[in-house]
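Just so we're on the same page: letters track the sequence lines, and every chain starts at 1.
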Protein chains: 2
Amino acid sequence: MGRIKTENNSTRKDVIIKKAAELFKEKGFKAASMRELAEVVGVEAASLYNHIRSKSELLHLICFNVANRYNLMMDEVEAEKTTSLQKIEKIVRFLIGGMVHNFEEVYVSDREWKYLSEPYLSNFQAQRRAYRKRFAAIVEDGIKKKEIKKIDSTTAVLIMLHAISGIESWHRSKQKINGKELEENMITILVGGLKK
Amino acid sequence: MGRIKTENNSTRKDVIIKKAAELFKEKGFKAASMRELAEVVGVEAASLYNHIRSKSELLHLICFNVANRYNLMMDEVEAEKTTSLQKIEKIVRFLIGGMVHNFEEVYVSDREWKYLSEPYLSNFQAQRRAYRKRFAAIVEDGIKKKEIKKIDSTTAVLIMLHAISGIESWHRSKQKINGKELEENMITILVGGLKK
DNA sequence: AATTTACGCTAACAAATGTTAGTACAAAAG
DNA sequence: CTTTTGTACTAACATTTGTTAGCGTAAATT
């Protein structure tokens with residue numbers, strides 16, 4: 001077989017990571033084998049190791065790529081001088097966008113992170129906790145300012161994050177409404193459910 | 001080692017299924033091995049096969065147990081003569097209760113069903129689809145009767161189901177509010193987000 | 001053109017997996 | 001007490017797994 005085909009200025013490693021995200025999404029990290037990944041990439045299994053260190057490296061590259069993007073977004077939102085509800089809406093829209101346009105990667109980061117190996121596992125979990133805390137703080141702030149119903153902020157965050165990760169079902173579904181429409185519907189229900 | 005200890009009038013098979021649900025929840029179906037399960041049960045791996053046919057039998061027993069309960073609940077709700085919003089509230093409360101009190105089993109059925117083998121996989125998916133359709137029909141009905149905001153019913157169902165399955169995080173969380181409080185908060189946000 | 005690097009291949013490995021065969025013995029049934 | 005059944009054990013199996021070693025050649029660099 002020939003070489004791994006790259007396009008634009010992505011490396012061969014990038015190609016492998018992309019295909020890995022698709023495979024891990026479809027089969028789950030544990031069930032996906034390196035031989036399957038190799039076949040999708042168009043190469044023998046052993047050849048993958050010219051580009052990557054291990055299977056678990058693939059997982060942590062995927063997970064931390066997503067986590068970093070989320071953290072950056074959160075920095076941006078916190079810096080804004082807008083109402084809490086507007087901040088929440090921005091976060092939710094960002095997350096929905098991620099689920100719609102970077103589906104595989106986000107999905108894997110969401111569902112397969114528990115197979116990360118140490119020290120990445122602990123690091124990832126810490127980042128996740130911190131991120132949720134920041135999100136909850138915004139909700140809390142909105143409650144104090146009476147923009148938002150008096151509810152448990154942790155539960156509100158939990159609902160939003162998981163509702164969004166459910167976009168997975170939307171991807172699978174046959175008769176799907178378009179992405180923009182999905183986003184507006186989700187905002188209506190989620191943000192609408194918070195508003196006082 | 002001695003025999004598998006049963007209590008009340010549960011069979012040894014029941015004990016294995018229960019432990020399997022816990023293990024599958026913790027490690028994931030693929031990552032959980034029969035040798036690990038055996039250790040938890042207090043027996044050698046080969047001994048499990050005196051009670052069960054295969055690893056995958058365990059998974060489908062767990063999944064269909066949950067699916068059957070859900071279908072029965074749905075029959076009951078549909079038969080009621082109440083408003084759509086009341087029906088939805090009842091469904092949501094039932095689902096939350098399941099996540100709180102039968103956590104392992106429900107979690108496994110929710111996240112690991114894709115590892116079912118045929119023909120169980122197709123059967124399960126069909127039941128899942130049907131169940132969601134029934135749920136969406138109730139939402140649809142509420143929209144027609146102007147009890148509920150004009151939204152895409154499929155999206156509404158997706159949000160509710162996934163928000164509820166996110167109770168997983170609540171289980172993991174250290175400083176958790178109690179189950180009843182969680183339920184009321186979820187109802188406020190979810191049902192509140194639908195109400196016109 | 002000559003040399004070095006990148007990258008593909010085949011072959012093989014040790015470990016882990018689900019599962020079966022065959023055996024021994026305790027509990028239940030007669 | 002005797003027989004039968006249920007259930008646990010050890011040993012072994014064929015596969016599948018991630019990964020490494022060693023080799024050859026095409027591409028890149030000089």
Side-chain angles (χ1 to χ4, degrees), chain A residues 1-21 23-24 26-63 108 112 114-118 120-121, chain B residues 1-21 23-24 26-63 108 112 114-118 120-121:
Chain A
M1 303 204 189
R3 308 197 138 192
I4 297 173
K5 285 165 205 146
T6 65
E7 42 190 37
N8 303 323
N9 42 6
S10 70
T11 65
R12 282 171 235 280
K13 185 167 183 174
D14 292 333
V15 174
I16 294 173
I17 296 168
K18 185 85 206 318
K19 293 288 186 188
L23 191 68
F24 294 171
E26 202 172 296
K27 300 247 179 179
F29 177 73
K30 274 285 173 185
S33 79
M34 295 304 276
R35 284 170 178 81
E36 281 177 293
L37 176 57
E39 192 178 333
V40 175
V41 172
V43 94
E44 287 301 316
S47 307
L48 295 172
Y49 290 84
N50 285 319
H51 305 279
I52 60 162
R53 243 181 294 280
S54 65
K55 185 185 183 186
S56 74
E57 187 198 7
L58 286 170
L59 184 62
H60 83 244
L61 286 172
I62 293 167
C63 290
V108 169
E112 307 290 323
K114 67 171 152 187
Y115 301 111
L116 284 167
S117 49
E118 293 292 356
Y120 300 102
L121 178 59
Chain B
M1 304 203 189
R3 309 198 140 193
I4 297 173
K5 284 164 205 145
T6 64
E7 40 191 36
N8 303 325
N9 42 5
S10 69
T11 65
R12 283 171 235 280
K13 184 165 183 174
D14 291 334
V15 174
I16 294 173
I17 296 168
K18 186 86 204 319
K19 293 287 187 189
L23 191 68
F24 293 170
E26 203 171 297
K27 300 248 179 178
F29 177 73
K30 274 285 173 183
S33 80
M34 295 304 277
R35 284 169 178 81
E36 282 177 293
L37 176 58
E39 193 177 333
V40 176
V41 171
V43 94
E44 288 298 319
S47 308
L48 296 172
Y49 290 83
N50 285 320
H51 305 279
I52 60 161
R53 241 180 295 279
S54 65
K55 186 186 183 187
S56 74
E57 186 198 8
L58 286 170
L59 183 62
H60 83 244
L61 286 171
I62 293 166
C63 290
V108 170
E112 307 290 323
K114 67 172 151 185
Y115 301 110
L116 285 167
S117 50
E118 294 291 357
Y120 300 102
L121 178 59

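The NZ atom of B:Lys18 sits 12.5 Å away from the CG atom of B:Leu23 when rounded to the nearest 0.5 Å. Between the CE atom of B:Met34 and the CD1 atom of B:Ile16 there is a distance of 8.0 Å, given to the nearest 0.5 Å.
Distance A:Ile16 CD1 to C:dA6 C1': 13 Å, rounded to the nearest Å. Remark: P of D:dT17 and CG of A:Leu48 are 14 Å apart, rounded to the nearest angstrom. Atom CD of A:Glu57 and atom C1' of D:dT19 are 14 Å apart (whole Å).
Looking at A:Phe29 and A:Lys114, their side chains never come closer than 4.5 Å, going by heavy atoms from C-beta outward.
The main-chain N or O of B:Val108 is never found under 3.5 Å from a side-chain atom of B:Glu112 such that the two would form a donor-acceptor pair.
When distances run from any side-chain atom of B:Glu44 to the nucleotides D:dA8, D:dT10, C:dG8, the shortest one goes to D:dT10. Side-chain proximity of A:Arg12 to the nucleotides C:dG8, C:dT10, D:dA8 is greatest for C:dG8.
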Sugar-phosphate or base contact per nucleotide [nucleotides 13-29 of chain C; S, B, -; heavy atom under 4.0 Å]: ----BBBB---------
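Residue A:His51 places at least one side-chain N or O under 4.0 Å from the OP1 or OP2 atom of C:dG8. Between B:Ser47 and D:dC9, a side-chain N or O to OP1/OP2 separation shorter than 4.0 Å is present.
Residue A:Glu118 qualifies as enclosed at atom CD: its count of foreign heavy atoms under 6.0 Å is above 12.
The salt bridge (charged side-chain N to carboxylate O under 4.0 Å, His left out) pairs that include a residue from residues 33-42 of chain A are A:Lys27-A:Glu36, where partners are two or more places apart or lie in different chains.
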